[in-house]
S.K.: 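Input: one structure, supplied below.
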Amino acid sequence: MKKLNKVAMLFAAAALAAPMSSAFAQATVDNWRNADGSLVWKNGTNELCWRDANWTPATAAANCDGAIKAAPAPAPAPAPAPAPAPAPAPAPAAAPAAPAAPAAPAAPAAPKSEKVTYAADAFFDVNKAVLKPEAKAKLDDLVSKTQGVNLEVIIAVGHTDSDGSDAANQKLSVKRSESVKAYLVGKGVEKNRIYTEGKGEKQPVADNKTKEGKAKNRRVEIEVVGTRNK
């Protein structure tokens, strides 16, 4: 009889504890737990959790039978494979080497001139325009010196003293320069390479008041312009 009373007391205590634990657990889970909620009561085999009248799978304690299991966290998506490195751009074809600039041609030598002045008295008789033998010899020497020269031009200019009229002196100076040209052409000098001019008495180089000065003013100037072959 005493044993039965003890058993009845245990069931009564359990019956009293059940509403208390249910009230305590309803806010979170509907499995019976101890007073501080730290332990869920299970059956004798420790496999099944005790449930109160409000139990649903949604209010079951985690890790108890029947509880809704949280969906497993999706496995992280595999990191995308790194994009293949772009193929290296082909190296630009080397620009063809610029052709070497041709060597600048050597500048042609500047023409040089040589001027020779002859006494007109030695070239001609007074008031004459015919070359004397001495004049021809001097012109022959001049032609020989032009050999090996790239001839540009020969300039022959006649001059007189102040005796006589300006007009007469001008004509005489021109005739004498033309006589020089005719002789040089006869020696093989190209005609179009010879320029003639008469200055008469306009360009004296000495005083026409003296005999000596007049002699210096009666002259023939011959200038050769060209470059000498190397």
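Hydrogens, waters and symmetry mates play no part in the numbers below; they use all other heavy atoms, side chains included. Just so you know, residue 1 is the first one in the sequence shown, and it goes up from there.
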S.K.: Where is the tightest heavy-atom contact between K42 and C49, given as atom of each residue plus distance?
M.R.: CE-SG, 3.7 Å
S.K.: How far does OG1 of T160 sit from CG of N217, to the nearest 0.5 angstrom?
M.R.: 8.0 Å
S.K.: For R218, is there any backbone N or O sitting under 3.5 Å from a side-chain donor or acceptor partner on D161?
M.R.: no
S.K.: Are V180 and Y118 packed together at the side-chain level, in the sense that at least one heavy-atom pair is separated by less than 4.5 angstrom?
M.R.: no
S.K.: Looking at P111 and E152, what are the two nearest heavy atoms and their distance?
M.R.: CB-CG, 4.1 Å
S.K.: Any luck finding a side-chain donor-acceptor pair between Q170 and K202 under 3.5 Å?
M.R.: yes
S.K.: How long is the span from the CZ atom in F123 to the OG atom in S179, to the nearest 0.5 Å?
M.R.: 11.0 Å
S.K.: For the pair K175 (side chain) and V130 (backbone), establish whether a donor and an acceptor sit closer than 3.5 Å, ignoring hydrogens and angles.
M.R.: no
S.K.: Quick one: are I155 and I222 in side-chain contact, heavy atoms under 4.5 Å?
M.R.: no
S.K.: Let me know which of K181, E178, R176 forms a side-chain hydrogen bond (donor to acceptor under 3.5 Å, both in side chains) with T196.
M.R.: E178
S.K.: Would you say V157 and L139 are hydrophobically clustered, going by side-chain heavy atoms of ILVMFWY under 4.5 Å?
M.R.: no
S.K.: Hey, quick one: are Y183 and V174 part of the same hydrophobic cluster, counting side-chain heavy atoms closer than 4.5 Å, chains of contacts allowed?
M.R.: no
S.K.: Could you check whether E223 and S113, counting side-chain N and O atoms only, form a donor-acceptor pair closer than 3.5 Å?
M.R.: yes
S.K.: Give a yes or no on whether K112 atom NZ has more than 12 heavy-atom contacts from other residues, nucleotides or ligands under 6.0 Å away.
M.R.: no
S.K.: Hey, does the side chain of T146 reach the backbone of V149 with a donor-acceptor pair shorter than 3.5 angstrom?
M.R.: no
S.K.: Please say yes or no: joined through hydrophobic side-chain contacts below 4.5 Å, possibly via intermediate residues, are L151 and V225 part of one cluster?
M.R.: no
S.K.: Can you tell me if E114 has over 12 outside heavy atoms packed within less than 6.0 Å of its CD?
M.R.: no
S.K.: Does D163, at its CG atom, have more than 12 non-hydrogen atoms belonging to other residues, nucleotides or ligands within less than 6.0 Å?
M.R.: yes
S.K.: Determine, stepwise, if the pair R51 / D30 fulfils salt bridge (Lys or Arg N to Asp or Glu O under 4.0 Å).
M.R.: CA-CA 6 Å; R51 306 172 182 175; D30 286 321; over 6 Å; no
S.K.: Under a 4.0 Å N-O cut-off, is there an ion pair linking E197 with K199?
M.R.: yes
S.K.: Could you walk me through whether R219 and E221 pass the side chain to side chain contact (heavy atoms under 4.5 Å, CB included) test, one step at a time?
M.R.: CA-CA 6 Å; R219 68 196 189 277; E221 295 176 351; 3.0 Å; yes
S.K.: Donor-acceptor check, side chain of S173 to backbone of H159, threshold 3.5 angstrom: yes or no?
M.R.: no
S.K.: Are V220 and I154 grouped together when hydrophobic residues (ILVMFWY) are joined by side-chain heavy atoms under 4.5 angstrom apart?
M.R.: yes
S.K.: Does a side-chain heavy-atom distance below 4.5 Å link K214 with N208?
M.R.: yes
S.K.: Write down the atom of S177, the atom of G158, and the distance for their closest heavy-atom approach.
M.R.: CB-N, 4.0 Å
S.K.: Is any side-chain heavy atom of K145 less than 4.5 Å from a side-chain heavy atom of Q147?
M.R.: no
S.K.: If you define the side chain from C-beta out and look only at heavy atoms, does anything of V185 sit under 4.5 Å from I194?
M.R.: yes
S.K.: How many angstroms lie between CG in D140 and NZ in K138, if you round to the nearest 0.5 Å?
M.R.: 11.5 Å
